[in-house]
Amino acid sequence: MSEKLEPLPGTADIWEPETSQWIFLEQTARGLFPRYGYSELRTPIFERTDVFVRGIGTETDVVQKEMYTFEDRGGRSLTLRPEGTAGVMRAIANQGVAEGDEKRVFYMGPMFRGERPAAGRRRQFHQIGAEAVGRAAPAMDAECIAMLVHFLEELGIRDSRLLLNSRGTAADRPAVAEALKAYFAPHKEALCPDCQRRLDANVWRLLDCKVEGCQPLINGAPKITELLGDESKTFFAEVCRNLDAMGVAYQVEPRLVRGLDYYVHTVFEIQHSGLGAQNALAGGGRYAIALASGDRTVEGVGFALGMERLLMARQSLNLAAAEAPGCQAYVVALGPQALALALPLAQELRRCGVRTLCETAGRSMKAQLRTANKVHAKFALIRGDSELEKGTIVCKNLDTSVQEEWPVAETAARLRAALAG
RNA sequence: GUGGGUGUAGCUCAGUUGGUUAGAGCGGAAGAUUGUGGAUCUUCAGGCCGCGGGUUCGAGCCCCGUCACUCACCCCA
């Protein structure tokens with residue numbers, strides 16, 4: 001008991017019936033995203049630390065205190081990926097994208113952040129994400145968001161809100177930051193300690209503060225969308241127009257800034273109320289990421305969804321668990337001769353597509369049938385000395401208790417017919 | 001990193017103002033006459049009561065520490 005080895009904090013073993021839920025998410029993603037021209041990309045789970053530092057930004061919390069970084073034997077600094085986008089960008093840049101061309105990929109898998117775990121927040125968590133890279137057009141942003149919303153629809157997730165904002169171009173950002181600082185600076189004393197720090201470190205993030213005392217000031221702050229240059233305003237208006245045209249409902253939230261530095265123009269977030277103290281189900285936006293090589297940036301638009309949070313949202317909506325397929329036939333063997341023939345029979349049935357379990361211990365009939373019942377087998381195939389003499393096998397329907405005797409040679413065929421009927 | 005809550009059987013949990021060999025339900029195993037499951041009944045297995053110290057004649061219960069889990073803050077998916 002005291003020797004029990006539990007998984008590390010913030011990690012978990014995932015068993016049935018949860019595994020079926022995970023598979024459902026993955027299959028739904030694999031079924032939907034290709035309809036939008038996306039194909040699956042699998043990148044390594046660890047990368048050179050630089051890939052993330054340059055990609056995500058040195059000033060972010062993720063890079064400053066949440067990365068699992070270690071040295072390999074050659075002394076290189078490596079990091080378990082804390083998010084998917086940076087690695088995907090590395091892979092795409094590595095492969096090359098022709099000027100004016102576009103690449104669309106999606107991915108799914110574990111991410112790692114060294115945070116204190118809580119409901120909906122783990123150290124190893126899983127994301128499904130998508131990125132459309134290579135071109136900068138508002139329609140791409142809108143299409144990407146529409147796909148995300150479509151995905152949530154397919155998963156049956158209702159009652160979510162899509163929040164939308166723009167952070168403008170890289171050129172706009174200093175001006176916006178200045179305007180925000182100019183607004184908040186005179187009221188510094190009224191802000192919470194965190195916000196006083198943010199005022200100098202990262203004004204944008206101040207808008208995200210949830211402390212009640214800060215709300216009046218934040219609500220009165222100049223709206224980012226109004227501080228942007230003409231190019232950014234036009235871009236954002238086009239994104240909105242496209243969403244309207246597709247009938248995607250959204251809400252412009254001037255306070256939405258998101259935590260990663262690489263975002264430009266469009267940022268968005270899907271919120272849901274069934275996630276404990278968290279509310280973000282998915283988030284994303286348009287980005288320009290500096291590659292580790294240093295001399296280039298790659299542009300794209302994408303999002304990431306938290307799979308654990310998707311499952312929490314589905315649970316809060318009482319969406320039924322997809323059940324793992326149960327056992328169809330249990331081979332009951334009485335006596336050593338029958339037992340010796342049980343496994344070969346089970347194997348034949350499996351080759352015919354039947355989910356089959358088979359007695360391996362030579363227990364009593366009662367014990368074997370009890371097991372058959374426990375695994376919810378539809379049929380028990382019973383063979384003992386008298387069946388061996390006659391060359392038959394008894395098939396018992398465990399729902400109706402009706403049983404009939406078949407020639408052994410016909411077992412597979414008749415069983416399949418019975419299962420089909 | 002900082003707080004709150006909780007640690008008793010495989011699981012979910014009782015356990016009185018501190019009082020003998022530690023309880024239930026579920027789950028598991030075996031049985032209730034021949035080779036027939038589920039329902040019912042009987043029996044059985046399974047516990048360093050998280051760990052260490054302290055108070056006491058006596059601690060699952062009280063005190064201190066520690067570890068773990070969990071929720072929340074920060075931040076994010």
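Every heavy atom of this structure was used, including side-chain atoms; hydrogens, water molecules and symmetry mates were not. Labels below follow one simple rule: chain letters A, B, ... track the order of the sequence lines, proteins then strands, and each chain is numbered from 1. The model shown is predicted, which means the values in this text are computed figures rather than measured ones.
- Judged by distance alone, with hydrogens and angles left aside, A/R309 brings a side-chain donor or acceptor within reach of the base of B/C76, the pair sitting under 3.5 Å.
- The CG-P distance, from A/L398 to B/G38, rounds to 11 Å in whole Å.
- The base-pairing partner of B/G47, taking Watson-Crick or G-U wobble contacts with both distances under 3.5 Å, does not exist among the strands shown.
- Within 4.0 Å of A/Q278, counting heavy atoms only, lies at least one base atom of the nucleic acid.
- A/Y250 and A/D244 form a side-chain donor-acceptor contact under 3.5 Å, judged by distance and modelled atom types alone.
- If you check every strand for non-hydrogen atoms under 4.0 Å, A/P82 touches nothing.
- Remark: the separation of the P atoms in B/G47 and B/C51 is 13 Å, to the nearest Å.
- Looking only at side-chain heavy atoms (C-beta outward), A/E143 and A/R104 come within less than 4.5 Å of each other.
- Applying the Watson-Crick and G-U wobble criteria (two distances, each under 3.5 Å), B/G1 pairs with B/C73.
- Applying the side-chain contact (heavy atoms from CB on, under 4.5 Å) test between A/L78 and each of A/E47, A/E71, A/R48 identifies A/R48 as the sole match.
- No contact: A/E83 has no heavy atom under 4.0 Å from any strand.
- A close approach under 4.0 Å does occur between a side-chain nitrogen or oxygen of A/R122 and OP1 or OP2 of B/U70.
- If you check residues 374-390 of chain A against RNA chain B, the residues with a heavy atom closer than 4.0 Å are A/K374, A/I382, A/D385, A/S386, A/E387, listed by number.
- Per the geometry, CG belonging to A/L334 stands 9 Å off P belonging to B/G35, to the nearest Å.
- Distance check on atom P: B/C63 versus B/U16 gives 14 Å, rounded to whole Å.
- In this structure, a donor-acceptor pair under 3.5 Å is present between the side chains of A/R363 and A/T371.
- One interatomic measurement links the two molecules: CZ of A/R121 to C1' of B/G1, which rounds to 12 Å at whole-angstrom precision.
- In terms of polar N and O atoms assigned as donor or acceptor, the side chain of A/S401 comes within less than 3.5 Å of the base of B/G38 in a complementary pairing.
- Summarising the base pairing, B/A68 is matched to B/U6 through a Watson-Crick or G-U wobble pair whose two defining distances lie under 3.5 Å.
- A/M365 places its CE atom 17 Å from the C1' atom of B/G31, with the value rounded to the nearest Å.
- Nucleotide B/A59 forms a pair with no other nucleotide shown, judged by Watson-Crick or G-U wobble geometry with both contacts under 3.5 Å.
- Taking the six-membered ring where tryptophan is involved, the planes of A/F151 and A/F33 are tilted, since the angle between them lies from 30° to 60°.
- When each of A/E66, A/M111, A/E115, A/M67 is paired with A/P82, the side-chain contact (heavy atoms from CB on, under 4.5 Å) condition holds for A/M67 and for no other.
- Considering only the side chain of A/R258, B/C76 comes nearest among B/C76, B/A72, B/U36.
- If you check the side chains of A/T266 and A/S166, you find no donor sitting under 3.5 Å from an acceptor.
- Following rounding to the nearest Å, A/M111 (CE) and B/A77 (P) show an atom-to-atom distance of 11 Å.
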**Study point:** Intermediate values then yes/no, salt bridge (charged side-chain N to carboxylate O under 4.0 Å, His left out), A/R258 and A/E269
**Key:** CA-CA 8 Å; A/R258 304 196 44 76; A/E269 189 166 302; 2.6 Å; yes
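- The A/A119 side chain lies nearest to B/C71 when the options are B/C69, B/C71, B/U36.
- Residue side chain A/Q368 does not reach the base of B/U36 through any donor-acceptor N/O pair under 3.5 Å, judged by distance alone.
- Within 4.0 Å (heavy atoms only), A/G120 reaches at least one base atom of the nucleic acid.
- In the interface, the side chain of A/E115 is paired with the base of B/A77 through a donor and an acceptor atom under 3.5 Å apart.
- Checking B/C74, B/G1, B/A30 against the side-chain heavy atoms of A/A367 singles out B/A30 as nearest.
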Exercise for review: Could you walk me through whether A/H265 and A/Y287 pass ring pair (Phe, Tyr, Trp, His ring centres under 6.0 Å), step by step?
Suggested key: CA-CA 8 Å; A/H265 285 301; A/Y287 47 77; over 10 Å; no
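- With hydrogens and angles left out, the side chain of A/K366 and the base of B/G35 share no donor-acceptor pair within 3.5 Å.
- Distance CZ (A/R123) to P (B/U70): 10 Å, rounded to an integer number of Å.
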